[in-house]
Amino acid sequence: MNGVAKSPVDVLIKCPCTGMKHEYLSVATRLKAALMHFSFASDVQDDTSASWRKRRKHFFVLSHSGKPIYSRYGDEHKLAGFSATLQAIISFVENGGDRIKFVRAGRHQVVFLVKGPIYLVCISCTEEPYEALRGQLELLYGQILVILTKSIDRCFVKNPKFDMAPLLGGTDAVFSSLIHSFSWNPATFLHAYTCLPLAYSTRQAAGAILQDVADSGVLFAILMCRHKVVSLVGAQKASLHPDDMLLLSNFILSTESFRTSEAFSPICLPHYNSMAFLYAYVHYLDVDTYLALLSTNSEGFYHLKECRIQIESVLVKSNVLCEVQKSILDGGLHVEDLPVDSSLRSGLPYPHPGQGRAAPSSMSEIGGPAGLWHFIYRSINLDQYVSSEFSSPLNSSGLHKRLYRAYQKLYVSMHDRQIGPHKTQFRRDENYVLLCWITQDFELYAAFDPLADKALAIKTCNRVCQWVRDLENEIFLFGGSPFSW
Amino acid sequence: MGLSSANIANEEIQFCIFDSRRGQHEGQELDKILFFYPSECPYSSQLSVIGLCEGIITFTRIFSPEAACEVIEAERHSHVFYEAEPDIWMIMVVEKSKYAESVWRSEALRGVLKEIHSLFVMFHGSLKTLIDKQPSDFTIGKKIQLPSFRECLKERGTVQMLTISRDMAIEIQSLITVLGSPSGANTTYNSLILFQDLLVSTTLSPDDTANLFAYCVMRLSPHALSSSLSVNSWSYIRKSKSASNVSTVSAVCAASDGSQGTSHDASPGEQPRTVNVPRPLQRDKWSKGGDGFLATDVWGVEIGTSLPRTPTLWLQQTHERTYLCVYQYKNLTIVLLIPVSSLINGEQGIALVKNQLLENVSQKIVNIEEKLSRGWGGENAYHVSGYRYLLLDGDRNISRASPPAKVTTLSKDSLLALNKLREEVDLEKKRTMSDNPEHEKDFEACIRVKNNAWVIAKISRGRELYMALEKASETLMFASDAVEKFSNRYCEGAFSLD
Amino acid sequence: MASRRRMLLKVIILGDSGVGKTSLMNQYVSKKFSNQYKATIGADFLTKEIQFEDRLFTLQIWDTAGQERFQSLGVAFYRGADCCVLVYDVNVAKSFDNLNNWREEFLIQASPSDPENFPFVVLGNKIDIDGGNSRVVSEKKAKAWCASKGNIPYFETSAKEGFNVEAAFQCIAKNALKNEPEEEIYLPDTIDVAGGNRQQRSSTGCEC
């Protein structure tokens, strides 16, 4: 078998013998250096460049000596002076017996996070709340741990000059994909995961075979379709934190070489055990669906390969993969399909040709009843959420992004550290009416037309909760190992 | 910042003013510092604080050249910035103590800096002019009480108005007219009239009104004059709780160079004499004379007599210096502003004006005062049962709120939640201002807090309403209805649905 | 074409105020914006890319302020430094005498693993002042001190010319190359299946 990376920038794909890993590092970093020397020569992206300064959201990672490790925009090396400035600011405040959190200037925020010898900074004019940006820096740090583990700290202790950047060579895509997900993936602030809607029996079938595999010495068996969970099983007492799942799936989805052949890679799950590697066997079963089997055994490739073969055959036989493909196409909840009674329909601000009971949405009607445009429902006990599909009038990615940012603000507002969580919030501005409920069991975030009627909106939210409960067997994953952390 | 813990001791606050154009050269850094509190703070620590602030100002300019740095939040301190004049920065450093009482809203803290600056400018002219003339140590005499979350239903920089009937308004208008047009003068005098600590009328611009009103409430109103013995001098924090939630700072230093620039005494060629530098924010310096006029010796005495000099101040609106004449009869305080340029013979002219005033309007004043006092609803005049509110009219800098004694009945959680909501609204307002400055902001948030209280913020048609309802029921609709009722009754429906 | 990765070197510039550190650096780096943070945070931060032999180097230069009030920042500022440049003014004896203090202070605060061999470079600046007539520290004396402190490379410079600054930094790069550590394999722990001890895996030959 040949796990050799096809793509030159792929670092961590290795063949089962550890000896090959070192070489791949050098190949990757050599190539990256060469690329940089040529392609960036004309594009001076440093802190004096106007285009660089105008970027809406920067992310930086640097060491506690001020050496640059990662920058979203620009060439880290050309930003060496800037990186030093960031370290100096952090150190200056620390020297005064304090720890800097953030700075605000107009629409800009500069947010700082110190994680031992690793410093993370976000400079953003997206007007996301501080808590949200800080959470994103935490995830960025988590992504570093997924690739390197927290043992990296030891390197800095041994040698303060340590240059960590080469170890992250070739992983730019992973970080940019994660950063991009901050603007479209609610999991990044909800800290929950979402499932692909499937018939209960289908998911049961998948879960059963994964369970068998888990019982044979696999720590976690995860069947994913894009970023949604099909099924997920952990051995005995093992539990998988939603953030770990997010980071793991981001890592897998943004590393091209995982798609082209089966792969066996060391990864770390920060919440499970931040200091050490696990080994992940990853194989795509079709263009969107992949299987990840996690083991503590670095020699476990062949065993996991066997497991995969077994799983694949069961999935094919029980039609799971077909169901998954169908679900991608038209699974999901659409607000226009919300079962309602006519009293809600009549409250619509838009004229409609005498519609009564739920029917497929017609062109003359925008959104769901009472002007409902979108919702996210989160089950607290299950740590899962379901988010409705997007439809008119939210039909551009810019509008989606804006809505997620509004949800994020709402989330932060409701989960105030000192006095939260609050119970209910109604919020209205020129863009939306937003309603949020938080109870012991669930959280609901709903967005309506800004002219929506308050009373009708409340009624609609009740209907949404009922609807979700009615469909819970299809949209959530039940059973399996208890997920407690 | 940059201070060793030994220096900080029990102080919870530092305050400084610096000029970033000065002290550029090595060895002259101290030139930058215009003022620093506490003054005992060693110079190296002062420079550390200012160094951090300047460094961050430089840094944020990289990404935000148009909007200056506003705040640095660290775990133990907040630094709040206010660029009072170009390159002249005022910084407040507050320590977040372990006690949960030290929760601030940075806009509220910035409001304190703005007020300090405005009052200073009103009496002394701009900082820049003074620095350019003769730079040295100088400051403000003031007791600063930091607005904690318990003051979330107040707004600095606004005036509180007395509601009067139409008839009263007409009577008062005629008084203003007489006050404003003294016989023999071809200028109009501006005036400000207060009933207790509420504004009745003003002929000044909103900014001048707000400044002068703030000063009156602090030092000139009947309550201010009589409460000289109480610790808390500000009328709208009458019954504040124990000191743990209020940080006080006494920042009283003299201007050492006498660069007061009083235009009406020094003439060229005259021997420079020690000019008594006015410190108008000192306490207990005003008293009521037998003639009903308030007098103070803050501005020194006339040469050769023991008569106090009439105070002067600058009006932003007209850029002129005026004399400050204050007449008080029972609950009514009348502030008359006489342009210095309109009186050739200084103090004598003022005495004439005062006599004229007494002749022409003293009866009017008595009548008005009596009618207003009769109709006055007392301390709880603006209390609305079941509601704790703050109403702001942004265009005219006017606010009205539940009396402080009523606000203290709110639970701590409700106040914290409302304070936090106001902080979010501050950000929302800034966002729309930069997005669509002409477009009027329309915003509403209703939050049911863990303790079941509702905290509400509404912005509509240039006005703002903040509210905490603790007795409301659980439903959003009920809370909304309560707000609607309030809006219809007291805000001309400004916050109601169309 | 560079075959290996660019090296990033953190270089600290130390010396009394007035010896001309900043003009030297400005000359060398020709950065559009200078003197931004020195008086406030305690140092200016510059990036300079150089090539030595076939390798590219990025120098992260920390041009520190001399004032005492910034002294306690040394530990944080000097952390992870690859080299330290000591600058003095050949026309000011005190600035030369202070080199010893600067060097010792640096070694205390930076606490490098091998202080005896930590790479320093000394620059004697302002040699051109007054045509060299106000010079009080001779080249001989300076070189002798440098030799006594472990053969520190010595360069004479002036901000006007600037060229010897280039040479000094080339020297820094050269020394860094000499001392470049072997590319280490990064090997975190793996989790023992039994859940007990952690083991370090060592690399073995590949058998595929």
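So that the names make sense, note that chain A is the first sequence line, chain B the second, and so on, each numbered from 1.
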Which atoms of B/Ala417 approach chain A - backbone, side chain, both or neither, heavy atom under 4.5 Å: both
Hey, could you give me the CD1/CE distance between B/Ile447 and A/Met414, rounded to the nearest 0.5 Å? 7.0 Å
Kindly say whether B/Arg76 contributes a backbone atom to a donor-acceptor pair with the side chain of A/Asp98 at under 3.5 angstrom? yes
Which word best sums up how the rings of B/Phe59 and A/Phe82 line up, parallel for under 30°, tilted for 30 to 60°, or perpendicular for over 60°? parallel
When you look at B/Glu424 and A/Arg427, which way does the side chain to side chain contact (heavy atoms under 4.5 Å, CB included) test go after all the steps? CA-CA 12 Å; B/Glu424 288 176 47; A/Arg427 203 170 180 123; 3.0 Å; yes
Check: B/Phe443 main-chain N/O paired with A/Asp429 side-chain donor or acceptor under 3.5 Å: no
Chain B heavy atoms under 4.5 Å from A/Leu434: which part of the residue, side chain, backbone, both or neither? neither
Measure the NE2-OG1 distance between A/His108 and B/Thr60 for me, rounded to the nearest 0.5 Å. 9.5 Å
Atom group of A/Glu127 that falls short of 4.5 Å from chain B, counting heavy atoms: side chain
With a 4.5 angstrom heavy-atom cut-off, is it the side chain or the backbone of B/Ile56 that approaches chain A, or both, or neither? side chain
Any A/Gln418 side-chain heavy atom under 4.5 Å of B/Val103 side chain: yes
Looking at CZ of B/Phe63 and CZ of A/Arg56, how far apart are the two atoms once the value is rounded to the nearest 0.5 Å? 14.5 Å
Rounded to the nearest 0.5 angstrom, the OG-CZ distance for B/Ser106 and A/Arg104 is 6.0 Å
State whether A/Asp416 and B/Lys420 are salt-bridged, where the test is any N-O pair (Lys NZ or Arg NE/NH1/NH2 against Asp/Glu carboxylate O) under 4.0 Å. yes
Minimum heavy-atom separation for B/Arg431 and A/Arg107, please, with both atom names. CG-NH2, 4.2 Å
For B/Glu484, is there an ion pair with A/Lys454 - N to carboxylate O distance below 4.0 angstrom? no
Hey, could you give me the CZ/NZ distance between A/Arg428 and B/Lys458, rounded to the nearest 0.5 Å? 6.5 Å
Could you tell me which non-hydrogen atom of B/Lys450 sits nearest to which non-hydrogen atom of A/Lys423, and how far apart they are? O-CE, 3.4 Å
How far apart are the closest heavy atoms of A/Ala105 and B/Cys69, and which atoms are they? CB-CA, 3.6 Å
Just verifying a value: how many Å separate B/Arg448 CZ and A/Cys436 SG, rounded to the nearest 0.5 Å? 12.5 Å
Please rank B/Arg61, B/Glu66, B/Glu444 by heavy-atom pairs under 4.5 Å with chain A and give me the top one. B/Glu444
Among B/Val71, B/Val449, B/Ile72, who wins on heavy-atom pairs under 4.5 Å with chain A? B/Val71
Pick one of side chain, backbone, both or neither for A/Leu86, based on which atoms fall under 4.5 Å of a heavy atom in chain B. side chain
From the list A/Ile123, A/Val110, A/Val412, A/Ile458, the residue making the most non-hydrogen contacts under 4.5 Å with chain B is A/Ile123
B/Gly55, B/Ala457, B/Ser480: which one forms the most heavy-atom pairs within less than 4.5 Å of chain A? B/Ser480
Compare all side-chain heavy atoms of B/Leu476 with those of A/Leu435 and state whether any distance is below 4.5 angstrom. yes
